[in-house]
Every structure is written in C-alpha cells, then in structure tokens.
2 protein chains.
Amino acid sequence: MATTSAAPEDRVFAALANSTRREVLRLLREDGPQPVQALADHFDMARPSLSEHLKVLREAGLVSEERQGRQRIYRLEALPLAEVQDWLHPYERFWRDRFKELGALLDRLPDDEADPAPRTR
Amino acid sequence: MATTSAAPEDRVFAALANSTRREVLRLLREDGPQPVQALADHFDMARPSLSEHLKVLREAGLVSEERQGRQRIYRLEALPLAEVQDWLHPYERFWRDRFKELGALLDRLPDDEADPAPRTR
DNA sequence: TTGACAGGTAGGAAATTCCCTACATATTGT
DNA sequence: ACAATATGTAGGGAATTTCCTACCTGTCAA
C-alpha cells in the first residue's frame, strides 16, 4: 500500500547518485572549503555544468556557500550524510552475518592464500 | 584532472537513488526473502515495472534470486551496502564536529527549551 | 567608468529513467 | 495437452538528468 512516499532523504540519495557530485564532496572534504573555480579545475566539464551539480548538492543540504568578494566559497555540510548512515544501520547485521559465513567458510579451508586476488577492475 | 571514473559503487548509489527500490530493500529486510508478487502487493505500480526495479537491484548486487518452481524468491544481499558505509566513513568526523558545535551552543544557552522549534524551511 | 573575473541562469539537445501495455517463457495442476 | 500462474522482456512515451553554449549579474582593479 505504501505509495513510496518521497522521504526528505530522497534528495540526499539522489544527489549521491552522481559520481561528479560525490567527487565534489570528496574534494571539499580533503582540501577544505574552496571557490567554484578550484573545484572546476578537477573536472573536464564546462563550468556551468558544475554549477548545476553544486545546486543539487546545495538543495540536498550537502554543501553551503559563503560569498567572499566575487568568489563563492563552497563548504562541505556533512550532516545529511548522517541520515544515510542511519538508513544503513538496520542493514548492518545482514552484511555482518555474511562476513561471518565467509569467515566460517575460510576457517574450514586449508590455510592457503588469504588475499583473494587483486581486483581485476 | 579526474574524469570522474565510474566506480563500481556507482551502481549501488544509483540503485539507492530510487525510493521504490529502497522500499523493496526494506521489505526484504523486514519480512525476509519473498517472491515478486508478495513484493508487488506493496506498490501501486504495474508488476513489470517492479521487475525492472528488481533488475537494477540485482545488477547492483543488492538482491539475489532463487528459483523455486514458478516463483523467484528474492533475498536481500546487504554486502554492497558495506561499501556505502565505507564511503561514508571519512565524512563522519565532519558531522560529529557539527554535533559538537551544536552541543556547545546549547550548553551556552539558558537551560530552556531543548527542542529547537520545527524548522520553518 | 570600464574591463576583466567569478559564477549563476536560460534554453535546448541527447541520454537516461520510470512507468506503461503487450507479449514471451517456464512451471504447475487438471 | 491445456489453462492458469509467476515473472521476465520488448517497445514506447513522458519526465528527468546531464551536459552544452550563450548570456546576465555582481565585484574588483585600473
């Protein structure tokens, strides 16, 4: 019956669905608050396109902007990500169970190679 | 420089971007493995549309199917969600910092109303 | 004031997503 | 074998997303 209510976290999940936007978040996290240009330097795309992405992030509450002269300094606002973590929580035991199964399986095997081969990408 | 490489987690984030799909995950988590019909009962949408959603979830590794006669039992596969949690990790300190700020602020106020009034937005 | 810089907005094309109605396939009961 | 059940796939339309090239606005420096 649930008509798939549009939760407020909807915007956050949608914002995270794009890798450019996730990269922006990473840049803000690792390099701190910075103007649009500095961010744009990391992408191939036209600057106005990045502006659109910033808008999506803004509307999801994931970044804030502070005007400073003719620049706008964008800053990471991580709080909405706490919602995502909360959302994940009830699933945690499921993957932990899986890990346990896997661990048990490995225990039963001869002590061979622990490393499961480098990811083929 | 980074051309926003399409990470493998891309599929997972994209899968989570839709609330119907998140609802499916919740149903599988709360009610356990079940056939498509049982899931479909919870949605207004045509069953083939749900099938498409299940396909997206399958390709993200978030569910698995087990054929049982003419039914297909879908089961939650939560492991890819661990990737999401890993992705979240480096952000955690940012929102904790925010909480601390908030806490400090509240401490400085007269012990009045703890509830900060519903956001006027 | 004028020009250059920073960055948002408008308008639109191409791709993708989401949902639908047929239809195809496999299994099961009669 | 036949009808009914369970579910996937095809084809297509509408909406949304993503990206582009102009273009507009505000700030700073000469």
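Letters A, B, ... mirror the listed sequences (proteins, then strands); counts begin at 1.
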**Message:** Is any side-chain heavy atom of B:L27 closer than 4.5 Å to one of B:L76?
**Reply:** no

**Message:** Once hydrogens and angles are ignored, does a donor-acceptor distance under 3.5 Å link the base of C:dG7 to the side chain of A:R47?
**Reply:** yes

**Request:** Quick one: closest heavy-atom pair of A:R21 and A:A14, and the distance?
**Result:** NH2-O, 3.2 Å

**Message:** If I take atom CD in residue A:Q37 and atom C1' in nucleotide C:dA4, what distance separates them, rounded to the nearest angstrom?
**Reply:** 12 Å

**Message:** Heavy atoms from C-beta onward define the side chain here; which of C:dG29, C:dC20, C:dA6 lies closest to that of B:R70?
**Reply:** C:dG29

**Pi-cation contact, A:Y91 with B:R29 (under 6.0 Å, within 45°)** = yes

**Request:** Measure the distance from CZ on B:F43 to C1' on C:dC18 and round it to the nearest whole Å.
**Result:** 14 Å

**Message:** If the cut-off is 4.0 Å, is A:Y74 near the phosphate of C:dA6, judged by side-chain N/O to OP1 or OP2?
**Reply:** no

**Message:** Just to verify, what does B:E59 make a side-chain contact (heavy atoms from CB on, under 4.5 Å) with, not counting sequence neighbours?
**Reply:** B:R11, B:K55

**Asked** What are the bounds, 5' to 3', of the part of DNA chain D that sits under 4.0 Å from heavy atoms of chain B?
**Response** D:dA4 to D:dT9

**Complete:** The correct set of residues in residues 49-69 of chain B placing a heavy atom under 4.0 Å from DNA chain D is B:S51, B:E65

**Message:** Please classify the nucleic acid contact of A:P48 as base, sugar-phosphate, or nothing, using heavy-atom distances under 4.0 Å.
**Reply:** base

**Message:** Testing the basics here: between B:L54 and B:V36, what is the closest heavy-atom pair and its distance to 0.1 Å?
**Reply:** CD1-CG2, 3.8 Å

**Asked** Expressed in angstrom and rounded to an integer, what is the separation of B:M45 atom CE from C:dC20 atom P?
**Response** 6 Å

**Message:** Can you confirm whether B:H42 sits close enough to B:V24 that some side-chain heavy atom of one is under 4.5 Å from a side-chain heavy atom of the other?
**Reply:** no

**Request:** Would you tell me if any nitrogen or oxygen in the side chain of B:N18 comes within less than 4.0 Å of OP1 or OP2 on C:dC18?
**Result:** yes

**Request:** Indicate yes or no: at least one non-hydrogen side-chain atom of A:Q71 is less than 4.5 angstrom from one of A:Q37.
**Result:** no

**Request:** Grab the two heavy atoms, one from B:I73 and one from B:P33, that are nearest each other, plus how far apart they are.
**Result:** CG2-CB, 3.7 Å

**Request:** Tell me, with the steps shown, if A:N18 and A:H53 meet side-chain contact (heavy atoms from CB on, under 4.5 Å).
**Result:** CA-CA 9 Å; A:N18 179 281; A:H53 284 305; 3.7 Å; yes

